[in-house]
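Residue numbers begin at 1 in each chain, while the letters A, B, ... track the order of the sequences. None of the values given here were measured: they were computed from a predicted structure.
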Number of protein chains: 2
Amino acid sequence: MMEGDSMSKTLDKNKQEIQSELYAKFFQGLSNPTRYKIVEALLEGPKNVSQLVNKLGVSQSQISNQLACLKWCGYVTCKQEGKYVYYQITDERIRTIMELARSMVADNANHISCCTRM
Amino acid sequence: MMEGDSMSKTLDKNKQEIQSELYAKFFQGLSNPTRYKIVEALLEGPKNVSQLVNKLGVSQSQISNQLACLKWCGYVTCKQEGKYVYYQITDERIRTIMELARSMVADNANHISCCTRM
DNA sequence: CATTCATATTTTAATATCCTGATATGTTGT
DNA sequence: ACAACATATCAGGATATTAAAATATGAATG
C-alpha cells in the first residue's frame, strides 16, 4: 500500500495525466481536415449547417458530427434561428492559434507532408 | 472533360484540400497526451531521450517514436552529443500555441472532457 | 573488437477515428 | 395535423493511431 508522499505524488501524476489528455483532446479538435476547414470558414463569420455543407462540399451528417465535436471542445457555439442553426467561433484566441500554425507550417510543410508515424 | 476555369477551380480546390490536411496533420502533433507532454517538457529546455523516458515514465520505444513524429511535424529538432541525442523545441511560436491552448482549455475543460465524438 | 549503454525501428494487436447511409428530431408554413 | 426542409444522431465497416515487445543500429569504453 502507498502512503504519505508517494501517495500524493501518485495523485499529482494522475492529475497531470488528466491535464495532458485534456490538452491533447483540445488539439485533436483541429487535427482533422474537415474540422479544420469548418473552423477556418467560421472565422470569416457565423454560418449555418447548410451553408457549411455547400461551402465545403462535405456531407451534412459529417458537418453536423464535426460541429458537435468542435462544440464539445469549445471551438464553436451555436444558436437556433428559425429552422437554421448558426455556428460561430467561440473565442478570438482560436484565430491566433490558427495563424501561428499557418506561419509554422509554411516553414515546415515539406517535413510534415512526409511524416509516416501517425 | 474539364477545361479552362472549371479545371483551375478544381486544381485550386485540391490545393486547398492539401493545405487543410497539412494544417490538420500539424495539430495532430499535439493531439496525443504523450506527445503533448514531450513538447511541454522540452519547453523547459533541451533533453535527451533517456531524460524524457525518466521524466515522463513512458517506454523508450514510445518516446523515440513520438519524437520522430514531432520531428517530422517540425516541433522539435535533435542533435547528437556523444551517445546521447538531445531534442529541443524548434520554435518559440510553439510556446505561444501551448499557452493559448492552456488558457482556452481552462475556460472549457468541462466541455472537452465529455466529448464522445472523436 | 567486444561489451555496454543509448536510441531507433519494426511488428502486431487493441483501440479509436472517420465516413457513409439511414433514420430520427425539430422547425416552419399550409 | 401534414408536408417540406434543416439539423442531429446512430450503426457499420474501412482505415488510422496507439502502445508493447522484440530487435536493430549506433556510440563509447575498456
Rounded interatomic separation in angstrom, taking [atom1] from [X] and [atom2] from [N]:
X: Y36(B); N: dT17(D); atom1: OH; atom2: P; value: 21 Å
X: K79(A); N: dA8(D); atom1: NZ; atom2: P; value: 15 Å
X: F27(B); N: dA16(D); atom1: CZ; atom2: C1'; value: 20 Å
X: R35(B); N: dT18(D); atom1: CZ; atom2: P; value: 4 Å
X: L56(A); N: dC18(C); atom1: CG; atom2: C1'; value: 16 Å
X: W72(A); N: dT9(D); atom1: CH2; atom2: C1'; value: 13 Å
X: L30(B); N: dT17(D); atom1: CG; atom2: P; value: 15 Å
X: Q28(B); N: dA16(C); atom1: CD; atom2: C1'; value: 12 Å

Sequence neighbours excluded, which residues qualify as side chain to side chain donor-acceptor pair (under 3.5 Å) partners of E92(B)?
->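 Testing E92(B) for side chain to side chain donor-acceptor pair (under 3.5 Å), a comparison that skips the adjacent residues, returns R95(B).
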Using a cut-off of 4.0 Å between protein heavy atoms and nucleotide atoms, how would you tag nucleotides 19-30 of chain D 5' to 3' with B, S and -?
-> SBBB----SS--
Using a strict cut-off of less than 4.0 Å between a Lys/Arg side-chain nitrogen and an Asp/Glu carboxylate oxygen, indicate whether [X] and [Y] qualify as a salt bridge.
X: D107(B); Y: R102(B); result: no
X: R35(B); Y: E40(B); result: no
X: E81(A); Y: K79(A); result: yes

Base, sugar-phosphate, or nothing: which does Y87(A) touch, judged by heavy atoms less than 4.0 Å apart?
->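 If one applies the 4.0 Å heavy-atom cut-off, Y87(A) turns out to touch the sugar-phosphate alone, with no base involved.
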Check every atom of dA8(D), dT17(C), dA8(C) against the side chain of V49(B) and return the nucleotide holding the closest atom.
->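 Of the candidates, dA8(C) comes closest.
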When you get a sec, tell me which of dA6(C), dA6(D), dT9(C) is the closest nucleotide to the side chain of S64(B)?
->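 Of all the options, the side chain of S64(B) is nearest to dT9(C).
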List for me each residue that meets ring pair (Phe, Tyr, Trp, His ring centres under 6.0 Å) alongside F27(A), sequence neighbours excluded, and say none if there are none.
-> none
Side chain to side chain donor-acceptor pair (under 3.5 Å) assessment of Q80(B) paired with Y84(B) = CA-CA 6 Å; Q80(B) 183 118 21; Y84(B) 301 102; over 6 Å; no
Between Q16(A) and S20(A), is a side chain to side chain donor-acceptor pair (under 3.5 Å) present by the stated rule, with each step listed?
-> CA-CA 6 Å; Q16(A) 198 167 334; S20(A) 303; 5.6 Å; no
